[in-house]
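If you read the sequence from its start, that first residue is 1, and numbering goes on from there.
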Amino acid sequence: MRERRLIERIRKLAKPHAASSLVVQGIGDDCAILQLPPGRQLLVTTDLCVENVHFRRKWHPAPSVGHRCLARGLSDIAAMGGTPVACFLSLGIPTMGSPTFPQPWVDGFLRGLLDLAQSFHVQLAGGDISSAAEVVADIVVTGHAPASKAILRSGARPGDRIYVTGSLGGSAAVLHQLLAAKRVRATRSSTHFYPQPRIQVGQWLQKRGLATAMIDLSDGLSVDLSHICEESRVSASISPKKIPVAEGSRLELALHGGEDYELLFTAPKSARLPAHIAGVAVTEIGTIGNPQNYSSAIQILGENGSIQSLPQQGWEHFKRR
Ligand SMILES: [Mg+2]
């Protein structure tokens with residue numbers, strides 16, 4: 001497929017819909033023009049998806065790859081309590097126009113990405129295309145949040161309770177099956193193949209001013225909680241038996257497995273949080289403690305009163321094998 005034709009295809013697929021009135025100018029000019037609602041600040045996040053690092057074409061169907069690329073960016077917007085507006089895609093694909101790279105793959109990738117975009121009223125508003133040795137997708141997602149009221153990683157205070165949405169370790173459990181050469185069906189309900197960014201939960205928390213700090217779980221609980229501790233200059237203790245382990249997974253993967261794209265947040269002890277927000281379960285898993293040395297900032301509380309420090313062995317993207 002020639003580059004021009006591909007761009008025309010993308011433009012047609014990405015045509016504006018009614019909800020994207022904040023995109024004043026989308027694909028087709030030198031820049032996109034976005035309109036922010038009054039009193040809101042712009043959120044921008046960027047994620048790079050590289051073949052054989054973040055996905056494998058033999059494991060992940062093309063729509064799943066497109067979905068996962070955009071889900072990472074949307075999850076970052078969710079973690080700020082923001083509202084997504086537009087995304088930008090720079091796509092490198094092997095030897096443009098060569099018969100060795102199937103066009104249906106590109107179509108499937110775009111379908112997966114645009115289906116997810118449309119479900120959150122996000123418009124694909126620009127991008128670029130190039131030849132590359134392997135598939136590379138760089139996605140920029142923009143959004144907005146009320147001025148000075150986005151939820152940061154730095155607001156956790158000693159005594160705050162620690163919460164997670166959904167269940168953890170599900171994506172890593174599937175990855176382990178794939179690495180063990182097991183066949184896994186890439187169903188739409190699979191959190192590994194089609195993770196759901198928690199946009200509504202983030203907005204719900206933002207509107208009520210309940211969360212003191214928030215991050216999305218992309219690298220794994222042990223690593224992402226350490227980011228909150230570092231930015232907030234606090235420590236944390238969590239109770240393993242309270243952690244909602246995904247069905248078919250196990251505690252170790254819930255602690256250290258990545259790519260669940262759930263939200264991890266803190267709220268004052270006095271905050272009354274419902275058991276579900278926007279239909280997603282919310283579970284208290286621990287408490288924020290006083291500042292201390294970050295290297296042992298997270299502690300695991302055993303049932304017998306034992307205390308262990310939690311090593312940060314988060315998600316490392318799978319290496320070539
Ligand atoms: Mg993030």
Any chance you could lay out the side-chain contact (heavy atoms from CB on, under 4.5 Å) test for V164 and L263, step after step, and finish with the verdict? CA-CA 6 Å; V164 291; L263 294 176; over 6 Å; no
Please report the closest heavy-atom contact between C87 and L70, naming both atoms and the distance. CB-CD1, 3.9 Å
Looking at every heavy atom in both A213 and A156, which two are closest together, and how far apart are they? CB-N, 3.6 Å
Do W105 and F109 have ring centroids that are under 6.0 Å from one another? yes
Rounded to the nearest 0.5 Å, how far does [atom2] of [Y] lie from [atom1] of [X]?
| X | Y | atom1 | atom2 | result |
| --- | --- | --- | --- | --- |
| S222 | L255 | OG | CG | 7.0 Å |
| I243 | I238 | CD1 | CD1 | 4.0 Å |
| D260 | L221 | CG | CG | 9.5 Å |

Testing the 3.5 Å rule here: is there a donor-acceptor pair between the side chains of T212 and T266? yes
Short question: side chain of [X], backbone of [Y] - any donor-acceptor pair under 3.5 Å?
| X | Y | result |
| --- | --- | --- |
| S119 | L116 | yes |
| D47 | I139 | no |
| S232 | I228 | yes |
| Q41 | S148 | yes |
| H67 | P195 | yes |

Step by step, would you call E259 with R68 a salt bridge (Lys or Arg N to Asp or Glu O under 4.0 Å)? CA-CA 9 Å; E259 298 196 312; R68 283 161 46 102; 3.6 Å; yes
Does the side chain of V53 reach to within under 4.5 Å of the side chain of E134, using non-hydrogen atoms? no
Tell me whether Q308 at atom CD has more than 12 heavy atoms from other residues, nucleotides or ligands lying less than 6.0 Å away. no
